[in-house]
Each structure stands twice: as structure tokens, then as C-alpha cells.
Amino acid sequence: MNSMAICLIIFVAMVILFFLNKIPMSFTALGATILLVLTGCVDSATALGTFGSSTVITMAAMFVVAAGLGRTQMIDHISGLLYKITDGSFTKILASYVVVTCILGQFVPSIVALFALVCPLVQNMCERMKISPSKMMFPIAIASVSTTFIIEPIGPYAAWYVTQNGYMESYGWTATQLNMWSETMVLLPVGIVTLLLAIFVVPRFLPDQPEFAIKEIAKKEMVKKPPLDPVREFLGYGIFIAVVIGLMAGVSSWQITLIGAVLVVATGVLTEREAIDNLNMSTVLLYVGVSVVGEALGQTGAAELLGNGIAALLSGVTNGYIIGGAFYLVGFIMTSLLYNRAVSTVLIPLVVITCGSIGCDPRGPIILCALASMSSVISPLATAVVPMAMEAGGYSIKTVFKAGIIPGIVRGVVGTLIAMTLFPI
């Protein structure tokens, strides 16, 4: 049996165990990692390297920074203000947080850090309103993943179009080029539709109560403690704001969040024990495990096999909407199996080659691949935000799939109609 077949078997087994939930998902994912290493589907260096990846460090450090803010009175003040402005309306409050997440997402280059920034605010509001976080966390996750960087010229990917033009030239397409606004013309209207779905539709598919116990890491213990003294209260605010500004300014996300985490403890905003308790290792380990599985799918050729198969099916097709929709579908499926940023690396060169071979303008399909990489929240394999939301909202993998597939489909339909109308074949 070759490595591709073994990798696919391990992947399917992991997904089945996720659904059964007889073993904690983090340890299921780590078990899959061990099997992939033992069977040679992925090398030890890759597996071990994932533990020290920039995303893992950002996740763990941001949990500590957010906990430092939670130790102050800022979250209570913000939650109280929003509560007054929205008259305690669940829909208005959810809309406020979703829109704020979207706005911040145009500047913060890490969706993991973005979700970690907003999450404690949402948790506090849920406590104040006496509602379950299971009704609010997943819409925030959707906003974090799917509505960030939708205004390209002001975001961290302002030069995205230059890279894609380079791909097109490298693979022989010089007839047309993307410009600074090409992606925004598609992503912005799709993002607006996504916000409406997150506010008005997705909550209907979420449970009224968590399906699994939510691990509020030392939160209740910290709430019972007396307020910080004025100096540490100010430092708690200042460190958090400095981290956000650093992220917006383009400073390396793992570096600025790790500096913030160290300062939170060094200044006494959190004790060492409080910081360690807030590392949220179950979420971190789940991300590590599923990331290694994604690497294995890429290294063994399973992901490329999927892309090549769909590309072969497109030979002879001349309808631009079918071609664009097919590439969105492939990108969506691949993102559900691989880390989202890996999809562009694997798929976009294939898009250019395929479109060139059939004489099709690749600009629309390229943008749809980028859209697809931002659309899948149906699996913890797609992005670290999904397992973070699962922990914060107490969701099962079934609920994540059910609530995530709706915006995925709608985004694909709307995006394909817009992209292939603006950039016809």
C-alpha cells in the first residue's frame, strides 16, 4: 500500500473519530500524527516543526495576552457599553461584534490573533446577558476567517495581485493581469453577504447550550479576585493595545504576541500560574495534529491528485461559470483538508496551467481560489480558528459542519457569479 493510500485511510479514520467523540479531539489528532510519522507519510522534522510553528506560538501567546485583558475591568466596561447601546438585543449585540471583527480583520494580519482578541469580549457579554456562548462564538469565527482582508489595498495582502500576476507570467499567461482592486470587487460584496449570514442565519443552526463542556481557563477564579491596582490595570490595557497596534503595523504576529505574553506576566498583570492555565493546550494540540495531517495530504500528493482530477474534468468545458464554480469547489474541499494558506500554493499554479490550456482567462478562477481558501469553516483542518471556536462554544464537529456549510455554499455561488461576470472567459 503506497503512502497516499495510507494517508487517506488515517485521515478518514481521524474524521470518523472526530464525529464519534469517544476520544478528545486533540489526542485523536495527535494519534493521527504519530501514525503518519510511523508509516512514513510525513517525516519527523515536519511533525516536530509544527509544534514550534509561528501559528502555534501566536495562538498560545495570544491566549495569555487576552487573559491579561480579561484580568482588567476593560471587558466589563466595553460589554456594559454595548449592552446599553443595543438595549440587550441578542441580534444587535451579535451584529456589533461581527462587524467589529470584520473591521479589525482588514488590519490584523493573523486571523488566529483576531479571534483571540474578540473572544474574551464575547464571553463576557454572554455572561452578562445570561446566554450561551454556543450561540455567538461560531458567527465570530466566520467573521474572523471569511471577512478579513476583503479590502485589498488597505490590508496586509495589498501586493497580492503582484504575486498572482507573477504566477500567470511564469506559467505562460500574459494576455491579462490583475490590478489592486480586482480581488476587492469580488471579496467585498461576498463579505457583506457573509456578515448577514453570520448575524441572521448561522445562529439558527447552533445549539442553545454547549454540546461539550467549555473550558473557561481560570476565568472564574480571576473574576473572583479583587481588581488590579491602577498601575497594573493601566499596563493590562497598554500591553493589549500595543499588541493590536503591532499586529496592524505588520510586525511578525508570533513575535509581538509572545512579547505581549511575557510582559503580561513580568508586570504582574497575570501570575505565572494564571498565564500557564490560559495557554489552552487542548486547542493548541488539536491544531498541531490536524496541521500535520494536512502536511501529509500535501506531501503524499493526495491534495494534488484531487486538483488534477477536477482539472481533467474541465477539459472541453467552455462555460465560464462552470469553470469558476469548479475551481471554487476544489479550493473549498482542499481548504477543508489542508491549512488554508497552503491551498493557494498548491492550486493557483494548477489554475493558470488549466486555464491556459483551454484558452480561459485565469483571473476569475484565481480570485475564486482565494475566496475558497477563506470560506471553509467546516473542519478544524482548514484554520486554527475553527478548533478555537469549538473550544470556546462547546461545538461538536457535526455542528461545525452543519453551520459552516451554509456560508460556504452561498459564498461560492455569489462569488462565482460576480467573479466570472467581471472576468469572463
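The residues of the chain are indexed from 1 along the displayed sequence.
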Any heavy-atom pair between the side chains of E183 and I366 that's under 4.5 Å? no
What are the two closest non-hydrogen atoms of V37 and A47, and how far apart are they? CG2-CB, 3.7 Å
Between the side chain of S182 and the main-chain N/O of N179, is any donor-acceptor distance below 3.5 Å? yes
Taking the side chain from T46 and the backbone from V42, do they hold a donor-acceptor pair closer than 3.5 Å? no
Exam field: side chain E211 to backbone P207, donor-acceptor pair closer than 3.5 Å: no
Is the closest side-chain heavy-atom distance between L36 and C7 below 4.5 Å? yes
Answer with yes or no whether the side chains of T176 and W173 bring together a donor and an acceptor at under 3.5 Å. yes
For A392 and C119, work out which heavy atoms get closest and say how close. CB-SG, 3.9 Å
Would you please name every residue forming a side-chain hydrogen bond (donor to acceptor under 3.5 Å, both in side chains) with T421, sequence neighbours left out? Y321
Donor-acceptor pair, T72 side chain versus G68 backbone, under 3.5 Å? no
Ignoring hydrogens and geometry beyond distance, is a side-chain donor-acceptor pair present between S89 and T91 at under 3.5 Å? no
Expected output: side-chain R71 to main-chain A67 donor-acceptor under 3.5 Å: no
Indicate the atoms forming the closest heavy-atom contact of L195 with C102, along with that distance. CD2-CB, 3.9 Å
CE (M374) and OG (S144) are apart, to the nearest 0.5 Å, by 11.5 Å
Tell me if a side-chain donor or acceptor on Q106 pairs with a main-chain N or O of T147 at a distance below 3.5 Å. yes
For residues 374-398, the ring pair (Phe, Tyr, Trp, His ring centres under 6.0 Å) pairs (sequence neighbours left out) are F138-Y395
Return the minimal non-hydrogen interatomic distance between P407 and L197, and the atom names on each side. CA-CD1, 3.9 Å
Any side-chain heavy atom of I367 within less than 4.5 Å of one from L178? yes
If the condition is side-chain hydrogen bond (donor to acceptor under 3.5 Å, both in side chains), which residues does T58 pass it with, not counting sequence neighbours? S253
V100 vs L104 side-chain heavy atoms within contact, under 4.5 Å: yes
Residues passing the side-chain hydrogen bond (donor to acceptor under 3.5 Å, both in side chains) test with S375, sequence neighbours excluded, are Y328, R411
Side-chain contact test, heavy atoms from C-beta onward, threshold under 4.5 Å: evaluate it for P203 versus P139 and give yes or no. yes
Quick one: list whatever passes side-chain hydrogen bond (donor to acceptor under 3.5 Å, both in side chains) with T148, sequence neighbours left out. none
State whether the side chain of T257 and the backbone N or O of W254 hold a donor-acceptor pair below 3.5 Å, judged by distance alone. yes
Minimum heavy-atom separation for G415 and V186, please, with both atom names. O-CG1, 4.0 Å
Residue pairs passing the salt bridge (charged side-chain N to carboxylate O under 4.0 Å, His left out) test where at least one lies in residues 134-149, sequence neighbours excluded: K135-D208
With a 4.5 Å cut-off on side-chain heavy atoms, are S379 and F401 touching? no
Keeping the roles fixed (side chain from T184, backbone from I151), state whether a donor-acceptor pair exists under 3.5 Å. no
Looking only at atom types and distance, does a side-chain atom of S336 sit under 3.5 Å from a main-chain N or O of F332, one as donor and one as acceptor? yes
Which heavy-atom pair separates A275 from V64 by the least distance, and what is that distance? O-CG2, 3.6 Å
